[in-house]
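For reference, the structure is listed below as structure tokens.
Reckoned from all heavy atoms, side chains included, excluding hydrogens, waters and symmetry mates. Note that the numbering runs from 1 along the sequence shown for the chain.
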Amino acid sequence: MGLQHKDDSDDDLRRSKKQKCNIDMEYDDYSDDDDDESSPVGMVNDGFLMRLGEFFNPMIPTSIVVSDAMEPDFPIIYVNKVFESATGYRADEVLGRNCRFLQYRDPRAQRRHPLVDPVCVSEIRRCLNEGIDFQGELLNFRKDGTPMVNRLRLAPIHDDDGVVTLIIGIQVFTETKIDLNSVSYPVFKETCKNQSEQAVGKYSPNSGQMKYIECQEICGILQLSDEVMAQNILSRLTPRDVASIGSVCRRIRQLTKNEHVRKMVCQNAWGREVTGALEHMTNKLGWGRLARELTTLEAVCWKKLRVGGAVEPSRCNFSACAAGNRLVLFGGEGVNMQPMDDTFVLNLDAVKPEWRQVSVKSAPPGRWGHTLSCLNGSWLVVFGGCGKQGLLNDVFVLDLDAKQPTWIEVFGGGPPPPRSWHSSCTIEGSKLVVSGGCTDAGVLLNDTFLLDLTMEKPTWREIPTSRVPPSRLGHSLSVYGRTKILMYGGLANSVVTCG
């Protein structure tokens, strides 16, 4: 990550970046004089604060750490006074170091404490390498060894060329009471030396002499510690490759069967969000079998799920989506083309799943031919469709986990033309993408619009593409790789199914 410093222009870029950082830090120190240490004002612009969302509580002191993304190992170039107070480390003790030392219980320790979640550490490494945001909780230690939970947010700062120059770390530390003598995560030990010592000095009954095996004859990878092999090698392989490499020797097979290693492999391959959604399934199957079934499709089969309850009255042309392990249905076309405005949910985690109607405080106008998408696990968003007044282009959101779920209309500037039978999806948990569909005059569309629902005043914008797919309706839109969208099928102008 970062730029190679080939000439003076790179040095100038780095100096200008640090000068900018120094200016911002001076402002931050000035703010500290006003006893407002929790505020990051002056460090970052309003766009960055918007990205943090509700991560901050203005009443809780917040630690700020800035790391240089253009230097190897992301050295710290700034910490605020809250960091010094919370961790016990002075600024001059940490500048130039990677922040991982907080994972060590003793300042002289050479490796992180075994209670620190290796999966979370692996996810932090992946996000830094890819230049994307990270948010999670991690066990840290004060300088005196006191354990604390670090509620951490990492956000990369890009220059005008899109290069990540700084990493802003937002830390909220809280005390925790844990048994430091219990081991929740695997402690990997050096085993290569022990194995070689056992091999060196075995007696050969045929020759009557001791059999010696030179260290150089041992495969280089086997001379690594178990921790290095697990964290830096095995966790970076694909699930299928990990299953294959397990046949090399007994030691590697034992490592590949470790559930923590398998979870890291799955998380690196599929992402934190997917593995989080699959976590509950590992209680029955384990990560190894789950990865095998998903990658080889050996256990894939459709089965009819018998559920209780019912969606009444009967309807067609409704829209449904998954919200975690819940299936949510909204609207549809009832008897005599009656547009429906009710919401139903089916909890697939229940022992006996059954449909139930969600009692909402208010509902959007009834419609069919609309889309229903999920945001961040519990938020639902409805767009467009056909109602009593014709085609629609409105947007409504609903928090399914709220005590009193309420559909709220989102007024976005410059909305796309009204439509039905379009397709939509959400990216990065906050942006709604709408594509294609049919106008009131029967004209098929091939445009694509995006609405960022985290903005204070959301505004629709059309996404320009170098190659526009044929106009269509009734197609599907899926997201993969965080920001890539896959369009498939539908009915095109030629009245044939696209595929």
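How far CD of Gln103 is from CG of Asp117: 10.0 Å, rounded to the nearest 0.5 Å. To the nearest 0.5 Å, atom CG of residue Leu138 and atom SG of residue Cys120 are 4.5 Å apart. Here CD1 of Ile64 is found 14.0 Å from NZ of Lys81. Values are rounded to the nearest 0.5 Å. The CD1 atom of Ile427 sits 12.5 Å away from the OH atom of Tyr480 when rounded to the nearest 0.5 Å. Atom CE of Met70 sits about 11.0 Å away from atom CD1 of Ile77, to the nearest 0.5 Å. To the nearest 0.5 Å, atom NZ of residue Lys143 and atom CG of residue Asp106 are 11.0 Å apart.
In plain terms, the two heavy atoms of Ala323 and Leu400 that are nearest each other are CB-CD2, 4.5 Å. Val410 approaches Pro458 most closely through the heavy-atom pair CG1-CG, 4.0 Å. Of all non-hydrogen atoms in Pro239 and Ala291, the two that sit nearest each other are CB-CB, 3.9 Å. Contact between Asp133 and Pro156 at its shortest, heavy atoms only, is OD1-CD, 2.9 Å. Pairing each heavy atom of Pro469 with each of Met487, the nearest pair is CG-SD, 3.9 Å. A pairwise comparison of heavy atoms in Val479 and Cys425 identifies CG2-SG, 3.5 Å as the closest pair.
Residues passing the side-chain hydrogen bond (donor to acceptor under 3.5 Å, both in side chains) test with Trp407 are Thr343, sequence neighbours excluded. Contacts of Asp73 classified as side chain to side chain contact (heavy atoms under 4.5 Å, CB included), with partners at least two apart in sequence or in another chain: Asn98, Arg100. Taking the side chain to side chain contact (heavy atoms under 4.5 Å, CB included) definition, one finds that Thr426 meets it with Ser373, Leu375, Val381, Leu432, sequence neighbours left out. Residues forming a side chain to side chain contact (heavy atoms under 4.5 Å, CB included) with Ser122 (at least two apart in sequence, or on another chain): Arg125, Met264, Asn268. Residues meeting the side-chain hydrogen bond (donor to acceptor under 3.5 Å, both in side chains) test with Glu279, sequence neighbours left out: Lys263. Residues forming a side chain to side chain contact (heavy atoms under 4.5 Å, CB included) with Thr174 (at least two apart in sequence, or on another chain): Val149.
Side-chain contact between Glu428 and Thr483 is present, with at least one heavy-atom pair separated by less than 4.5 Å. Side-chain contact check for Val345 versus Arg356: some heavy-atom pair is nearer than 4.5 Å. A heavy-atom distance below 4.5 Å is found between the side chains of Ser63 and Val82. No side-chain heavy atom of Leu398 sits less than 4.5 Å from a side-chain heavy atom of Trp379. The side-chain heavy atoms of Val382 and Val395, taken from C-beta on, include no pair separated by under 4.5 Å. A heavy-atom distance below 4.5 Å is not found between the side chains of Thr238 and Val265. With a 4.5 Å cut-off on side-chain heavy atoms, Val65 and Tyr78 do not count as touching. Glu462 places none of its side-chain heavy atoms less than 4.5 Å from the side chain of Thr448.
Although no hydrogens or angles enter the test, the distance criterion places a donor-acceptor pair under 3.5 Å between the side chain of Arg472 and the main chain of Gly489. Within the 3.5 Å criterion, the main-chain N or O of Leu372 finds a donor-acceptor partner in the side chain of Ser319. Proximity of a side-chain donor or acceptor of Glu84 to a complementary backbone N or O of Ala91 within less than 3.5 Å is detected. The backbone N or O of Arg142 lies less than 3.5 Å from no partner atom in the side chain of Thr146, so there is not a single donor-acceptor pair. At least one donor-acceptor pair under 3.5 Å links the side chain of Asp452 to the backbone N or O of Thr454. Although no hydrogens or angles enter the test, the distance criterion places a donor-acceptor pair under 3.5 Å between the side chain of Arg262 and the main chain of Thr256. Between the side chain of Asn376 and the backbone N or O of Gly429, at least one donor-acceptor pair lies under 3.5 Å. Between the side chain of Thr87 and the backbone N or O of Ser85 there is no donor-acceptor pair closer than 3.5 Å. Put simply, the side chain of Arg97 never gets that close to the backbone of Ile76: no donor and acceptor are under 3.5 Å apart. Under the 3.5 Å distance criterion, the side-chain polar atoms of Gln267 are matched with a main-chain donor or acceptor of Val119.
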| task | Carefully, step by step, assess Asp144 and Arg105 under the rule side-chain contact (heavy atoms from CB on, under 4.5 Å). | result | CA-CA 8 Å; Asp144 61 8; Arg105 190 182 179 191; over 6 Å; no

| message | Set out, in order, the CA-CA distance, both residues' side-chain angles and the distance that settles side-chain contact (heavy atoms from CB on, under 4.5 Å) for Trp287 and Val261, then state yes or no. | response | CA-CA 9 Å; Trp287 284 106; Val261 173; over 6 Å; no

| request: For salt bridge (charged side-chain N to carboxylate O under 4.0 Å, His left out), just list the numbers for Arg126 and Glu123, CA-CA rounded to whole Å, side-chain angles, deciding distance to a tenth of an Å, and then say yes or no. | output: CA-CA 5 Å; Arg126 184 186 68 83; Glu123 179 67 7; 2.6 Å; yes

| field | side-chain contact (heavy atoms from CB on, under 4.5 Å) between Leu348 and Leu305, intermediate numbers included | value | CA-CA 10 Å; Leu348 297 175; Leu305 182 62; 3.5 Å; yes

| task | Step by step, work out the ring pair (Phe, Tyr, Trp, His ring centres under 6.0 Å) result for Phe344 and Phe330. | result | CA-CA 6 Å; Phe344 290 83; Phe330 173 77; over 10 Å; no

| Step by step, would you call Val94 with Phe83 a side-chain contact (heavy atoms from CB on, under 4.5 Å)? | CA-CA 10 Å; Val94 303; Phe83 176 91; 4.1 Å; yes

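Crowding of Arg253 atom CZ: a count of heavy atoms from other residues, nucleotides or ligands under 6.0 Å not exceeding 12. Surrounding CD of Gln404 are more than 12 heavy atoms belonging to other residues, nucleotides or ligands, all under 6.0 Å away. In Gln254, the CD atom is not crowded: 12 or fewer heavy atoms of neighbouring residues, nucleotides or ligands sit closer than 6.0 Å.
With Phe383 as reference, Trp460 is the one residue of Phe449, Trp460, Phe396 to meet the ring-ring contact (aromatic ring centres under 6.0 Å, His included) rule.
The aromatic rings of Phe141 and His113 lie tilted to each other, with the angle between the two planes from 30° to 60°.
Inspection of the Ser435 and His422 side chains reveals no N or O donor paired with an N or O acceptor under 3.5 Å.
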